[in-house]
Amino acid sequence: MLPIILSGGSGTRLWPLSRGLFPKQFLPLVAETTMLQATLARLDGIAACRQPLIVCNEDHRFIVAEQLRQAKVASSAILLEPVARNTAPAIAVAALQAVQGGDDPLLLVLAADHVIADVAAFHAAVALAQRAAETGALVTFGIVPTVPETGYGYIEKGRNSERGMWNEIPMGTYPVSRFVEKPDLATAEDYVASGRYLWNSGMFMFRASALIDELTKFSPEIVAACSAALDGASADLDFLRLDATAFAQSPEDSIDYAVMEKTDKAVVVPLSAGWSDVGSWSALWEVAEKNVDGNVLKGDVLAVDSQNSYLHSANGRLVAAVGVADLVVVDTDDAVMVAHKGQVQRVKKIVDMLKASGRKEAAQHRVVYRPWGCYDSIDNGTRYQVKRITVTPGAKLSVQMHHHRAEHWIVVSGTAKVLNGDKEVLLTENQSIYIPVGVVHALENPGKIPLELIEVQSGAYLGEDDIVRFEDKYGRV
């Protein structure tokens, strides 16, 4: 069994914590580990499970690699999507990659940003799905609904007589009668009362060749584009970079629309395991631990006479709430979001407004992550900018120069190995160095602990695109 982890989501409904360049799957929203790492940990205990194959956005590649390293998980491959094309192309290219060596594994397709509280129940459902997939079925996991949710699509379970292959699939699995779109409340109430409908989870299992055959039948354009993208792929460090031109030719379809709604081989396995896709702040409030007043308090928060609210200080600043109910308040370094809990699906409109006005808060946090560590822009003004830079042990920034800015570096902790023109020096705590405009330089952490320093930039232009790279261990030249 080959797990396929889809990690391409943007998580805009969880802004301002989740942003385009660092979305929710990379955040520790529910536990101490990130959602991607929790998904990887959930694979432990599944029999004959290979190292996972990750499909992610090209911009997220170093974040994925670092979180895999932290979780001590090796990957069979990290496939980079040059553009977003929804789940059908992402799964198609993973399936095509899986059969390239003449193998034909079962694929367990999971999203990187789901919560599953009962891992044992999940494992039992996977074992049942495996038996069904071995018969040639395309299996989806349907969540047993707990409320008449209007934010999910639904799957209607079929009856035994509705599929000719029914006798081949194991008891406890059902042929799919139909997929239905997100319903209104009255319809959702009818669905839940009937006992025949399940939430559409977006998780699947099928033999790689079976998925490719059905995709070829119903969506040949996707298979053609993904095959060409894989044929033209190139290795880049630990990543497989798909051919951008070919992949962009693929239709932008979900796997449900491209295959599952059309095939006569669709089977559903019911799953009751405390599942959530954490698609909104209200959904996160539902799965998070609450106090006696029904409040979820994260970070430095004080609440007085307040109920059923989600209050989060993500930057160490005190958030105080008095006499509020059913609110979501999230305070980050550069943004504060306040919403009624019943209106949180509309947070995406704020992100759309930020994008339309070209504001950076839509895509990135004040802390920006790089393959070597991160930096935090702590102050800026006319002709100057101050950053706090953290370099992980053994990491090195690219050998580079700037046309428009000079830099001062002051070491706060750790040891810095600095190339400054034709000289190389070693700096420790409280030591500093000046990098003039136009001088080739590099920064490295040769030590065993993180290197932290303060960088003061000065000059006529301070944009991140004023970098000329000459050498880079991360392939960014």
Side-chain angles (χ1 to χ4, degrees), residues 2-11 18-29 31-44 49-84 90-91 93-94 97-98 109-114 229-230 233-244 247 363-365 367-375 389-398 442-446 448-451 464 467 469 471-477:
L2 174 63
I4 307 297
I5 312 296
L6 303 182
S7 185
S10 58
S18 175
R19 306 196 188 184
L21 293 179
F22 207 86
K24 66 175 182 176
Q25 59 266 33
F26 306 126
L27 296 170
L29 293 177
E32 293 185 1
T33 57
T34 70
M35 300 190 78
L36 170 61
Q37 290 169 335
T39 302
L40 296 168
R42 208 172 290 137
L43 300 173
D44 290 344
C49 191
R50 300 184 184 179
Q51 297 296 340
L53 187 155
I54 316 292
V55 184
C56 73
N57 186 309
E58 185 173 323
D59 290 335
H60 301 156
R61 64 193 187 279
F62 293 117
I63 302 172
V64 170
E66 174 61 15
Q67 294 207 351
L68 288 173
R69 185 194 67 79
Q70 291 174 358
K72 296 180 172 58
V73 174
S75 174
S76 61
I78 300 177
L79 299 182
L80 304 182
E81 291 183 290
V83 292
I91 296 171
V93 77
Q97 166 73 3
V109 180
L110 304 173
D113 56 359
H114 289 180
L230 199 56
S234 59
D236 178 4
L237 300 176
D238 296 328
F239 314 109
L240 188 63
R241 192 182 293 275
L242 299 173
D243 182 86
F247 194 72
Q364 67 184 48
H365 294 270
V367 175
V368 177
Y369 292 87
R370 292 288 187 256
W372 43 261
C374 64
Y375 67 82
I389 295 176
T390 303
V391 185
T392 54
K396 180 181 180 180
L397 283 68
S398 57
L443 174 65
E444 182 177 356
N445 179 359
K448 302 296 184 181
I449 63 173
L451 163 66
E464 283 299 307
I467 298 178
R469 290 189 173 94
E471 178 185 330
D472 183 67
K473 66 187 293 185
Y474 309 106
R476 296 174 298 166
V477 174

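Just so you know, residue 1 is the first one in the sequence shown, and it goes up from there.
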>> Within the supplied structure, the quantity of interest is the number of heavy atoms (other residues, nucleotides, ligands) at a distance under 6.0 Å from Glu464 CD; does it exceed 12?
In response: yes
>> Please check if the number of heavy atoms outside Asp238 that lie under 6.0 Å from its CG is greater than 12.
In response: no
> So how far is it from Asp236 CG to Glu58 CD, rounded to the nearest 0.5 Å?
Replying inline: 8.0 Å
>> If we ignore hydrogens and angles and just use 3.5 Å, is the side chain of Ser76 paired with the main-chain N or O of Pro52 as donor and acceptor?
In response: yes
> Roughly how far, to the nearest 0.5 Å, is the CD1 atom of Ile467 from the CG atom of Leu397?
Replying inline: 8.5 Å
> Between atom OH of Tyr474 and atom CZ of Arg469, what is the distance when rounded to the nearest 0.5 Å?
Replying inline: 11.0 Å
> Looking only at heavy atoms, what is the nearest atom pair of Arg42 and His114, with distance?
Replying inline: NH2-O, 3.4 Å
>> Side chains of Val93 and Leu242, heavy atoms from C-beta outward: is any pair under 4.5 Å?
In response: yes
> Hey, is the main chain of Ala112 close enough, under 3.5 Å, to the side chain of Thr39 for a donor-acceptor pair?
Replying inline: yes
>> Is there a side-chain contact between Leu27 and Met35 in this structure, where contact means two heavy atoms from C-beta onward sitting under 4.5 Å apart?
In response: no
>> Could you check whether Phe62 and Phe239 have their ring centres less than 6.0 Å apart?
In response: yes
>> Donor-acceptor pair, distance only, cut-off 3.5 Å: does the side chain of Arg19 make one with the backbone of Ala363?
In response: no
> Is Lys396 close to Leu443 at the side-chain level, that is, under 4.5 Å between some pair of heavy atoms?
Replying inline: no
> Considering all heavy atoms of both residues, which atom of Phe26 and which atom of Thr34 are nearest to each other, and what is their separation?
Replying inline: O-CG2, 3.3 Å
>> Between Asn57 and Glu81, is there a side-chain heavy-atom distance shorter than 4.5 Å?
In response: no
> Nearest heavy-atom pair of Leu451 and Glu444: which atoms, and what distance?
Replying inline: CD2-O, 4.1 Å
> In Å and rounded to the nearest 0.5 Å, what is the CZ to CD distance from Arg370 to Glu66?
Replying inline: 14.5 Å
>> To check you understand the geometry: which heavy-atom pair defines the closest contact between Leu80 and Pro82, and what is its length?
In response: O-CD, 3.3 Å
> Is there side-chain contact between Val55 and Ile5, with at least one heavy-atom pair below 4.5 Å?
Replying inline: no
> Is Leu6 close to Ile91 at the side-chain level, that is, under 4.5 Å between some pair of heavy atoms?
Replying inline: yes
> Does the side chain to side chain contact (heavy atoms under 4.5 Å, CB included) test come out yes or no for Leu240 and Ile78, once each step is laid out?
Replying inline: CA-CA 6 Å; Leu240 188 63; Ile78 300 177; over 6 Å; no
> Can you name the closest pair of heavy atoms from Ser75 and Ile54 and give their distance?
Replying inline: OG-CG1, 3.9 Å
> Can you tell if the side chain of Pro371 reaches within under 4.5 Å of the side chain of Arg476, non-hydrogen atoms only?
Replying inline: yes
> So, Ser10 side chain and Gly20 main chain: donor-acceptor pair closer than 3.5 Å or not?
Replying inline: no
>> Using a 3.5 Å distance criterion without hydrogens, assess whether the side chain of Ser18 forms a donor-acceptor pair with backbone atoms of Lys24.
In response: yes
>> With rounding to the nearest 0.5 angstrom, report the CG to CD1 distance, Leu21 to Ile63.
In response: 7.5 Å
>> In terms of relative ring orientation, are Phe22 and Tyr369 parallel, tilted or perpendicular, with 30° and 60° separating the classes?
In response: parallel
>> With a 3.5 Å distance limit and no angle check, can you tell me whether Asn445 reaches the backbone of Val391 through a side-chain donor-acceptor pair?
In response: yes
> Which atom pair, heavy atoms only, marks the closest approach of Gln25 to Gln67?
Replying inline: O-OE1, 4.2 Å
>> Could you check whether any side-chain N or O of Thr390 sits under 3.5 Å from a backbone N or O of Cys374, counting only pairs where one atom can act as donor and the other as acceptor?
In response: no
